[in-house]
Amino acid sequence: MNLLVCVSRVPDTATKIFVGPDGKTIDSKGVKYILNPYDEFALEEAIRLKEKNGGEVTALTVSADDATDILRNALAMGADSAIFIKAPAEPDSYQVAHNIANSVKDKNFDLIFFGRQSVDFDSFQIPSMVAELLNIPSVSVVSKLEVNGSKVIAERDIEGGKETVELSTPCAISAQKGLNEPRYPKLPDIMKAKKKPIEEVAFFQVDAAVEVISIALPVNKRVGKILGDSDSDINEIVRSLHEDAKVI
Amino acid sequence: MSINRNLTNEQIFLRDSVRRFAEEVIKPQAKDLDEKEEFSYEITAQMAEMGFLGAFLPEKYGGSGLDYLSYIIIVEEIARVDSSQAATIAAHNSLGTGPIYDYGSDEQKENYLPQLAGGKLWGFGLTEPEAGSDAGNTKTRAYQEQGEWTINGSKIFITNASTDITLGSTVLAVTGQQPDGRKEFTSFIVENSNPGMECRQMKGKMMWRSSNTSELYFSDCKVTNEYILGKRGDGFKQMLATLDKGRLSIAAMGLGLAQGAFESALNYAKQRKTFGRAISTYQSNAFKLADIDMGIELARNYLYEVCRMAARGEKITKESAIAKLYCSELAHKAADHCVQIHGGYGLMKEYDAERFYRDQKLLEIGEGTSEIQRLVISRIIGCFD
């Protein structure tokens, strides 16, 4: 089986994020980057399919920054090779999707895996865009997957329940948490990952469809005040509503 | 922990992977195993699967092929959550497989190392009831008769020596007298299947309660010449070199424990409120935390540098003594502050502070007491010349 896993390099979920001086990007100084957590489910599923049916797993990423670190992570988990497409500037989903589709259209992948979303910009767009560009079926937020030859049965999470769908390869799958239990990279595999090939592919120029105008940190929720029912407390509520909140 | 201290990308990734394994697999079980004083075969198998048991052994022996610093980082990361599991890994690598890899014959290496990288454990029998720091006073003797050696004596406090998955131990014995009148020492490989060796697990430990500690008894224990490690008479030299490196493992355990205790104390101090304020905002607590953070930063820089020296093959007798002494005393201070900041809760088993407080104490005693480390350092700087 020829399997592709598209991965994304995202800030560690525990990292404190600051907005860069241009007001449109994240200040990457001191930020730790990791493999997008949802992509781990995608990788694990592809590696299991390879272990069961034979074949190869390729990891791919499109990034404006050097993303070889997360590709090595994917290789340490068990991918056989990787493709790195370096973008000249932060690409939007449309550019990423075009680049993925363009670089894999002749490679005859049976299944193309994605995480259901990348936890930095959360657009949820890339899996369906790539499938559309490649003219293959896609199914998103998959929490259970069965592959028998060219027949694929996927169970996906929908509001308040599950939906089971059937499709055939080649197809695109976006992975939901719970699809599997991703493995820990073993030490010998981390060492072996150093020797696995990472192919660099030139960026395919296409105009962005979306322009970021600004990004901002969420405003801290104001902490509620709890007061009692004595006269002085009531006076304090009136004063607070009048002077602090300015609603009366 | 955001500063990467000249680590390679692989070392950073390896550290993060081990940390995740330690947090998700070891940490949830640490308290319970400590309470029951139980060695976990399940965790040991998982650690073997991860490649921790043959950390720096080359691939051809089934090892992970890591550099020495990467191995030290593994020990540090495990000790950050549980000293017992870190002890299993540290003792197995630096004292168990280390001497066989450094001094064993090709046959010995091919026979034992793949098994030891794959899930079996090995002990290092040096300490005796009357010979700890004073290893020269070793009473275990071996005499040769018609090409066969007979060992008699006993060993104590031997890590990993009596589990169901222990293959054997390296045993230091007196084998005669050198021309200058000093004792001749030789290291022997003794398998647990040898009927002349009895391994007894030691119970009732204050610390490292889910690691395996044993007494070994030798009564007319027979081995042939093929079971000598290296050459006859090399035992003492092998032991000293093994301990030089072994001290780095203990230093890593101290550093990891200090880091774990520091994080636990800082988290608690930021959550716990007294008189309407988080207790981390009181200078008496804030300064304790600042002191420990400073100690950890300095200790980590120094230990990592000594590991790089060791990897270059430089002599590290003084440096490893300094690293071991500094990191173990740092762990002591960090665990002490951690309990103090937790107040009454720090005295309860429910919080990790209590376990850190007990576990750190070995570090100032095992593999050379703090007093011995000071002796090593003061000798090398020429105090007694």
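Only a predicted model underlies this, so the values are computations on that prediction, with no experimental measurement involved. Order of the sequence lines sets the chain letters (A, B, ...), proteins ahead of strands, with each chain counted from 1.
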Seminar exercise, completed: When rounded to the nearest 0.5 Å, the distance separating CD of B:Glu49 from NZ of A:Lys186 is 4.5 Å
For this session: Please check if atom CG in A:Asp229 has more than 12 non-hydrogen atoms from other residues, nucleotides or ligands closer than 6.0 Å.
Result: no
Exercise. Atom CD1 in B:Ile12, atom NZ in A:Lys32: separation rounded to 0.5 Å?
Worked result: 9.0 Å
Problem set entry | Shortest non-hydrogen separation from B:Leu14 to A:Ile190 and the atoms involved | CA-CD1, 3.9 Å
Exercise. Can you tell me how far CE of B:Met50 sits from CG of A:Asp189, rounded to the nearest 0.5 angstrom?
Worked result: 9.5 Å
Exercise. What part of B:Glu59 lies closer than 4.5 angstrom to a heavy atom of chain A: side chain, backbone, both or neither?
Worked result: side chain
Exercise. Looking at residues at least two apart in the chain, or sitting in another chain, which of them share a salt bridge (charged side-chain N to carboxylate O under 4.0 Å, His left out) with A:Arg183?
Worked result: A:Glu44, A:Glu51
For this session: Decide if atom NZ of A:Lys196 counts as having more than 12 heavy atoms of other residues, nucleotides or ligands within a radius under 6.0 Å.
Result: yes
Problem set entry | Over 12 foreign heavy atoms within 6.0 Å of CD, A:Glu243 | yes
For this session: Determine the minimum heavy-atom distance between B:Gly51 and A:Pro188, stating which atoms define it.
Result: CA-CD, 4.2 Å
Problem set entry | Interatomic distance, A:Asn73 atom CG to B:Ser17 atom OG [nearest 0.5 angstrom] | 6.5 Å
Problem set entry | Atom pair CZ/CG of B:Phe13 and A:Asp69 - distance to nearest 0.5 Å | 9.5 Å
Exercise. Just wondering, more than 12 heavy atoms not from B:Lys27 lying within 6.0 Å of its NZ?
Worked result: no
Problem set entry | Residue A:Lys162 excluded, over 12 heavy atoms near NZ under 6.0 Å | yes
Exercise. How far apart are the C-alpha atoms of B:Gln46 and A:Tyr184, what are their side-chain angles, what is the distance that settles it, and do they pass the side-chain contact (heavy atoms from CB on, under 4.5 Å) test?
Worked result: CA-CA 10 Å; B:Gln46 284 170 293; A:Tyr184 300 100; over 6 Å; no
Exercise. Roughly how far apart are B:Phe21 CZ and A:Leu187 CG, rounded to 0.5 Å?
Worked result: 9.5 Å
Exercise. Can you tell me if NZ on A:Lys50 sees more than 12 non-hydrogen neighbours from other groups inside 6.0 Å?
Worked result: yes
